[in-house]
Amino acid sequence: MKQMPFGRLVGFPALLSAFLLCGKVTAQSDEVREAAKTITADGMMKHIRVLSSDEFEGRAPGTPGEEKSVNYIRDQFQSIGLKPGNPAGIYIQNVPLVGFTAQPTISFTAGSQKIDFKSPNDAVVWSRHFEPDVKVEDNPVVFVGYGVVAPEYGWDDFKGVDVRGKTLLMLINDPPVPDPADPDKLDPKMFKGREMTYYGRWTYKYEIAAAKGAKAAIIVHQTGPAGYPWGVVMMSNGRENFGLQTPDAISNRVAVEGWVTLDNARKMVSAAGADFDALKKSAVSRDFRPVELNLKANIDVRSTIRQVASRNVVAKVEGSDPKLKDQYIIYTAHWDHLGRDPKLKGDQIYNGALDNASGTAALLEIARAYTKVKPKRSVLFLSVTGEEKGLLGSKYYAEHPLYPLTQTLADFNIDGVNVWGKTRDVGVVGMGQSTLEDALAKVVKEQGRVLVQESDPTKGHYFRSDHFEFAKVGVPALYLDRGNEYVGKPKDFGARKRDEYVARDYHQVSDEIKPDWDLSGAVEDMQLFFETGYEVAQGDQFPQWKAGSEFKDRRDRMMQGK
Ligand SMILES: [Zn+2]
């Protein structure tokens, strides 16, 4: 941000000086304002029409739809005048995906008693080692509670107990620590109270299990804490799933990952002569220690595997400051969607107009706005693949960055824009995580709008789109939620439209451009994202994770070269 020359303020009325001092962005340049205005609804619609057309076949990785999407985005970057984002001089980062379908057999033995589980009704398991046959034989089962290691809460469920080579039985969600002042409520000082932290997500559970050297990790499913019923777990595992084909797949993951229903977890644990509910209760305490059960796991995962070569598209606006141009701000939006399903009657194409042709269109518009200004730092535009298959394109970038992560200041992610008109408010997902939201708040205020918390912070949305892969490796990341208070509309309009979208169109073939779409609100949100990113690109400080963020430790260690 540009500093106001102090001398010019001397003698100004106090109020006016104060205004100029806090109004740094306003003061910084009309050029930025003018550039922001080049982001338009028509500009976005033009791209959405192309990307969500039937011709693009739902943009699934590894299909002709990928070819068309990648070519379109690359050509747009090129014609806007952006440079190739890959230092190799190309607009592409190759992302090797692997598709796998598991056919498992699962049983547990307690002494002479053998319990067989049917997949996917009783339990589901899979292997991300991507080998045709992975076995866990006569393997001791250890109950590790919530499996959480959170230094900022003084919490460690493992207590140094050696679980290497064993099967971990784990609980979903954060430890629900009661508030000492009111035991009916959750302690707001522990794991952010009702809000979900990353320690609560299933992905975290498998990661910590791998970090501890376990052989297998099985999560006990509970509808409330997981946020979705068993049917969702069953469905997502009955079909082909995807991962990244990397040489370290075996060292980075446990051999077998999975879920078991609550009833079947109870059954296993009681066969082992223990009481599941008592164990679960004991896990809601800092003093919890892993409990080895009188139980052995026998799991055999046979998988059919195929390789799918996919691509991220990447372009950049080079920084104008010779000292700062090797530092980066990244904007991300996933181009992929669900493709087509030949088994469907009638419409077979998942057009993904909102999810995420709209975000891709916004990314292109923001990129174009950046060509009108000269940011000091470089700005990277990363259109990622495989989001719908598990944030795979962004994960690949975060694990194989084209520029050092220590020189990467922030990620701004766009996944679905507001298509229902202007809002007075704008939501930030995962509020309280980083100082990026302070930079955002300033620009929001200038727009005459207000910054609010996302509509449902208990669902862990901060962990569900591409920015999260950046957060996980330590890079501060920002993700907006559309506002709720629509200008000139009834109070419940926003909630109603949102619910309607989730119920009817989300991940359905009907996610198409609708006649009532109004992108005027999206324009404001994207101007906001552009100006906030620009602020960071000019700023004299790196954005920081706030105290209490579960990602702060990782960033601090990275910056210290650890
Ligand atoms: Zn999406």
Side-chain angles (χ1 to χ4, degrees), residues 44 47-48 50-52 56-61 63 65-66 69-70 72-73 95 97 201 203 227-228 232 236 241-242 310-313 330-340 349-366 381-398 411-420 427-430 454-456 459-472 477-482 497-498 500-514 517 519 522 525-526 529:
M44 274 192 249
H47 300 308
I48 298 173
V50 177
L51 292 162
S52 71
F56 278 60
E57 297 179 53
R59 306 185 303 281
T63 69
E66 157 154 2
S69 306
V70 165
Y72 180 79
I73 297 159
V95 180
L97 303 180
R201 288 281 288 168
T203 48
Y228 36 81
V232 171
S236 63
N241 279 294
F242 287 82
S310 192
R311 285 158 291 178
N312 290 335
V313 192
I330 302 184
Y331 284 87
T332 45
H334 71 89
W335 60 255
D336 71 299
H337 195 56
L338 307 173
R340 71 187 304 165
I349 298 173
Y350 291 89
N351 302 81
L354 192 67
D355 184 11
N356 187 28
S358 72
T360 306
L363 184 80
L364 293 170
E365 283 288 283
I366 292 175
F381 298 90
L382 184 59
S383 176
V384 290
T385 181
E387 192 270 352
E388 306 287 10
K389 306 203 178 302
L391 318 182
L392 296 178
S394 49
K395 187 184 188 62
Y396 189 82
Y397 184 93
D411 173 56
F412 294 86
N413 183 51
I414 313 156
D415 192 352
V417 305
N418 165 21
V419 292
W420 304 309
V428 73
V429 179
E454 70 198 280
S455 39
D456 189 356
K459 294 269 157 58
H461 284 292
Y462 194 70
F463 320 121
R464 293 185 180 194
S465 187
D466 294 300
H467 59 285
F468 175 59
E469 291 298 334
F470 287 87
K472 217 161 80 173
L478 190 67
Y479 181 41
L480 296 184
D481 189 21
R482 51 186 84 95
K497 290 308 261 185
R498 192 188 289 259
E500 260 173 37
Y501 171 72
V502 172
R504 293 180 197 166
D505 301 327
Y506 173 70
H507 285 194
Q508 303 293 329
V509 293
S510 58
D511 181 356
E512 296 170 328
I513 297 171
K514 305 284 155 134
W517 274 22
L519 265 60
D525 290 354
M526 293 308 121
F529 236 30

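As the structure lists them, so they are numbered: ligands from 1, and atoms in each ligand from 1.
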Checklist entry - Among Arg340, Arg59, His337, Glu512, whose side-chain contact (heavy atoms from CB on, under 4.5 Å) with Ile349 holds? => result Arg340

Checklist entry - Tell me, which protein N/O/S atoms are under 2.8 Å away from the Zn ion (ligand 1)? => result His334 NE2, Asp355 OD1, Asp415 OD1, Asp415 OD2

Checklist entry - Val70: what forms a side chain to side chain contact (heavy atoms under 4.5 Å, CB included) with it, not counting sequence neighbours? => result Glu66, Ile92, Arg311, Val313, Trp335

Next on the checklist: Any side-chain to backbone donor/acceptor pair from Glu469 onto Tyr396? Under 3.5 Å, distance only.
Outcome noted: no

Checklist entry - In Å, rounded to the nearest 0.5 Å, how long is the span from CZ of Phe529 to CG of Asn413? => result 7.0 Å

Next on the checklist: Tell me whether the rings of Phe381 and Tyr331 are parallel (<30°), tilted (30 to 60°) or perpendicular (>60°).
Outcome noted: parallel

Item to check | CE-CD1 distance between Met526 and Ile366, expressed to the nearest 0.5 angstrom | outcome: 5.5 Å

